[in-house]
> 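The structure under discussion is supplied below as structure tokens; questions concerning it will follow.
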Amino acid sequence: MANSIRAFGTRRATLAGFLLVLLFSLAACSSQSRGGAYHFQWDITFTSIFQPNGSIINGLWLTIGISIVAQLLGVGLGIIAALGRMSRVWPFRIVANFYIWFFRGTPLIVQLTFLFYGLLISKVLVWPSIEIGPFVIAAEVFAGTLILGINEGAYMAEIVRAGILAVDPGQTEAAKSLGMNYRQTMTRIVLPQAARVIIPPLGNEFNNMIKNTSLLYVLAVFELYTTFESYSTTSFHYFEYFVACCFWYLLLTTLWAFVQGWLERRFARGTLPTPDAGGPNLRERLLGQRGPGAGGADAIGGH
Amino acid sequence: MSTNAISHDLLGAIGGVPRPDVDVVVDARDVNKWFGRLHVLKDVCLQVKRQEVVVIIGPSGSGKTTFIRCVNHLEKIQSGRIFVNGHLIGYREAGANKVVEDKEKNIARQRMEIGMVFQRFNLFPHMTALENIIEAPIQVRGMSRDEAVATGRALLERVGLAAKEKVYPNQLSGGQQQRIAIARALAMKPALMLFDEPTSALDPEMIGEVLEVMKELAREGMTMIVVSHEMGFAREVANRVVMMDDGVVVEEGTPDQVFSSPTQERTKTFLSKIL
């Protein structure tokens with residue numbers, strides 16, 4: 001069994017390596033076909049990965065910070081909007097439905113441009129910069145994070161609603177019969193159980209969020225993408241810089257995968273016969289979950 | 001042996017028999033309920049006195065579960081009145097013999113006094129046995145954590161599950177889960193306990209341990225309404241048996257009257273099928 005798992009991993013690595021070589025040769029060929037070979041300056045890539053300068057580090061922290069704050073905002077708004085959609089009070093339903101309809105129905109880049117430049121230039125809302133102690137959050141960072149969070153809330157609303165609907169109605173009845181009110185029933189009984197169902201899609205959402213921060217390019221927020229883009233335009237070394245750019249995004253999304261695995265185990269309490277068996281482990285997370293079919297196919301392919 | 005035996009003095013764990021202020025704990029008057037066009041309760045009247053154990057029997061679909069759920073307002077009613085401890089349940093008078101549904105806060109307060117045990121246990125799966133029991137006393141009654149834990153442990157011990165304190169519900173058998181569900185309801189010190197077919201979802205060998213807890217409660221003077229098909233239990237502990245069919249109370253009387261000499265034809269056919 002251990003053998004087949006190793007074979008599984010090796011094969012994947014080989015495939016990835018093969019594709020990378022193919023990509024590089026294609027790039028090299030096409031540049032030569034136009035006459036005048038392109039000289040890859042790999043030191044740019046290596047420096048951007050192993051000795052990143054202040055701008056790159058700054059961009060990295062901005063991407064991380066904006067993603068986390070926007071996602072937290074999105075989860076909060078998502079819970080409120082989900083409860084609004086399921087409310088017995090019809091004005092709540094109308095407002096929640098409109099919110100979800102608008103922010104899921106228009107592109108994020110349109111929302112960013114409209115809500116930042118549109119409101120700013122028409123002076124409907126002059127976005128302020130925020131001072132927190134010694135730190136100043138620029139207006140475009142503040143606005144960008146807020147808009148990303150509001151957009152995210154519309155998607156989270158449906159995920160949270162699905163999670164709540166997945167909880168056995170008997171749980172609500174038991175809570176009510178013990179004298180719990182709506183707030184206690186939701187926060188103590190229903191949402192903690194819904195969380196288990198919400199976390200896998202939430203993992204997807206946050207993964208998207210990390211990447212979607214790159215759209216703040218349109219607001220000239222110098223996060224990871226904008227930083228690399230600006231270096232590329234001035235030096236024309238797109239290829240070298242963007243290999244490094246991919247590296248940083250992959251690092252963030254990979255780290256998140258570990259955090260998600262931990263969260264899944266944390267919220268699986270009481271749902272599995274042994275308390276610590278929940279959620280995929282490290283190997284499963286990297287190589288994909290192995291169903292009963294996968295082992296069989298490997299055994300044939302690997303030997 | 002002593003660790004998992006059901007001990008006497010269950011109510012001692014919560015400071016003795018909770019005393020309702022009134023002699024008639026439940027007073028249901030002309031209760032009517034419809035599910036859409038289906039008339040499920042038809043002018044149901046039922047009184048339960050203090051420390052009385054009433055067992056409701058009847059075929060499925062007769063409205064007995066619906067009725068018991070109306071008593072703590074898990075179901076709305078369309079006409080009639082249900083009083084528990086002298087207070088109108090789920091509604092407030094709005095003049096001219098009309099009622100409107102009460103505020104959520106008030107309904108929650110009324111439910112504190114009414115314990116309910118469900119057919120499917122409905123324990124909170126993300127909490128351990130002890131956490132299940134102490135949750136409502138802390139959150140709803142505002143009891144200190146130490147006091148709630150002490151009460152919870154005493155209750156667990158008396159339903160014979162002291163060793164299962166830190167165990168999650170899905171690691172317990174159905175009978176154990178139901179005993180914890182009873183302990184959870186008792187921890188709120190209710191004046192009335194409602195049991196909705198508490199043994200119907202259990203494997204046969206586990207029914208006994210749950211009935212044992214219920215019998216002990218009855219002996220100690222808890223006021224109870226039990227929807228059940230356990231005729232042996234009804235015979236042994238019920239003060240009164242109520243036969244329902246098609247949303248109507250067909251017959252009621254002592255277990256002896258109802259089981260040995262039923263007056264209604266419907267009761268006779270029902271009993272002949274199950275006894």
Side-chain angles (χ1 to χ4, degrees), chain A residues 79 83-84 86-93 160 162-200 202 262-279, chain B residues 68-69 71-75 90 101 103-129 131-142 166-172 180-181 184-190 192-196 201:
Chain A
I79 292 172
L83 295 178
M86 295 192 286
S87 173
R88 286 198 296 183
V89 188
W90 65 264
F92 289 173
R93 287 203 301 273
V160 171
I164 291 172
L165 291 176
V167 177
D168 176 9
Q171 292 290 309
T172 312
E173 291 188 349
K176 280 184 180 174
S177 75
L178 289 164
M180 290 192 181
N181 59 30
Y182 177 78
R183 189 181 52 77
Q184 291 164 332
T185 305
M186 276 295 158
T187 58
R188 305 286 308 177
I189 308 301
V190 176
L191 287 175
Q193 291 182 59
R196 195 176 64 84
V197 185
I198 291 170
I199 285 169
L202 171 73
W262 175 80
L263 281 174
E264 280 178 28
R265 280 191 296 280
R266 174 87 176 64
F267 280 94
R269 269 186 317 175
T271 57
L272 296 148
T274 46
D276 282 331
Chain B
I68 205 175
R69 288 166 58 84
V71 174
N72 70 352
H73 199 62
L74 285 178
E75 301 283 354
E101 194 164 22
K103 287 196 198 103
E104 187 225 347
K105 195 175 70 177
N106 295 338
I107 298 172
R109 191 179 303 142
Q110 291 174 325
R111 285 186 181 131
M112 285 162 58
E113 315 299 328
I114 309 169
M116 181 140 187
V117 175
F118 298 87
Q119 186 179 351
R120 302 278 336 160
F121 331 133
N122 296 348
L123 288 178
F124 306 132
H126 58 304
M127 296 179 182
T128 63
E131 285 167 353
N132 262 280
I133 297 173
I134 64 175
E135 177 68 15
I138 293 174
Q139 296 291 326
V140 180
R141 285 248 187 248
K166 293 194 175 77
V167 175
Y168 287 96
N170 79 330
Q171 292 164 272
L172 296 166
I180 288 166
R184 177 176 72 175
L186 285 175
M188 287 298 284
K189 306 180 182 177
L192 166 72
M193 286 282 285
L194 307 174
F195 293 84
D196 181 13

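A, B, ... follow the sequence lines: proteins, then strands. Residue 1 opens every chain. This structure is a prediction, so every number in the text was calculated from the model and none was measured.
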> Flag yes if more than 12 heavy atoms outside B/R120 fall under 6.0 Å of its CZ atom; otherwise flag no.
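It does not: B/R120 CZ has 12 such atoms or fewer within range.
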> Closer than 3.5 angstrom, by distance alone: can the side chain of B/E104 be matched with the main-chain N or O of A/Y182 as a donor-acceptor pair?
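Yes; at least one donor-acceptor contact below 3.5 Å.
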> Is the side chain of B/H126 donor-acceptor paired with the backbone N or O of A/R188 at a distance under 3.5 Å, no angle test?
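Yes.
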> Looking only at heavy atoms and a cut-off of under 4.5 Å, which of B/T128, B/L74, B/I107 has the most pairs with chain A?
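Ranked by contacts with chain A, first place is B/L74.
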> In a check of side-chain contact (heavy atoms from CB on, under 4.5 Å) between A/S177 and each of B/V117, B/D196, B/N72, which one passes?
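Output: one option passes, namely B/N72.
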> Whether the side chain of A/Q184 engages the backbone of B/A136 through a donor-acceptor N/O pair (distance < 3.5 Å, no angle test) should be reported.
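No.
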> Measure across B/P125 and A/Q193 and return the closest heavy-atom pair with its distance rounded to 0.1 Å.
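Closest approach of B/P125 to A/Q193: CG-OE1, 3.2 Å.
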> If only atom types and distance count, is the side chain of B/N122 paired as donor or acceptor with the main-chain N or O of A/Q171 below 3.5 Å?
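Looks like no, no N/O pair under 3.5 Å.
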> Examine whether an atom of B/L194 lies under 4.5 Å from a heavy atom of chain A, and if so say whether it belongs to the side chain, the backbone or both; otherwise answer neither.
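For B/L194, no heavy atom lies under 4.5 Å from chain A.
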> Measuring only between side-chain heavy atoms, which start at C-beta, is B/E135 closer than 4.5 Å to A/M180?
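Yes, at least one pair of side-chain atoms sits under 4.5 Å.
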> Is any side-chain heavy atom of B/M116 closer than 4.5 Å to one of A/L178?
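No. Closest side-chain heavy atoms not under 4.5 Å.
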> Non-hydrogen atoms of chain B under 4.5 Å away: do they reach the side chain of A/N181, the backbone, both or neither?
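Backbone plus side chain of A/N181, per the 4.5 Å heavy-atom cut-off to chain B.
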> Please tell me if the side chains of A/V190 and B/F124 come closer than 4.5 Å, counting only heavy atoms from C-beta onward.
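No; the side chains remain at least 4.5 Å from each other.
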> Go through the atoms of B/R69 and report whether side chain, backbone, both or neither lie under 4.5 Å from a heavy atom of chain A.
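When you check distances to chain A, only side chain atoms of B/R69 fall under 4.5 Å.
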> With chain A, which of B/R141, B/M188, B/Q139, B/M112 has the greatest number of heavy-atom pairs at distances under 4.5 Å?
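Most heavy-atom pairs within the cutoff with chain A belong to B/Q139.
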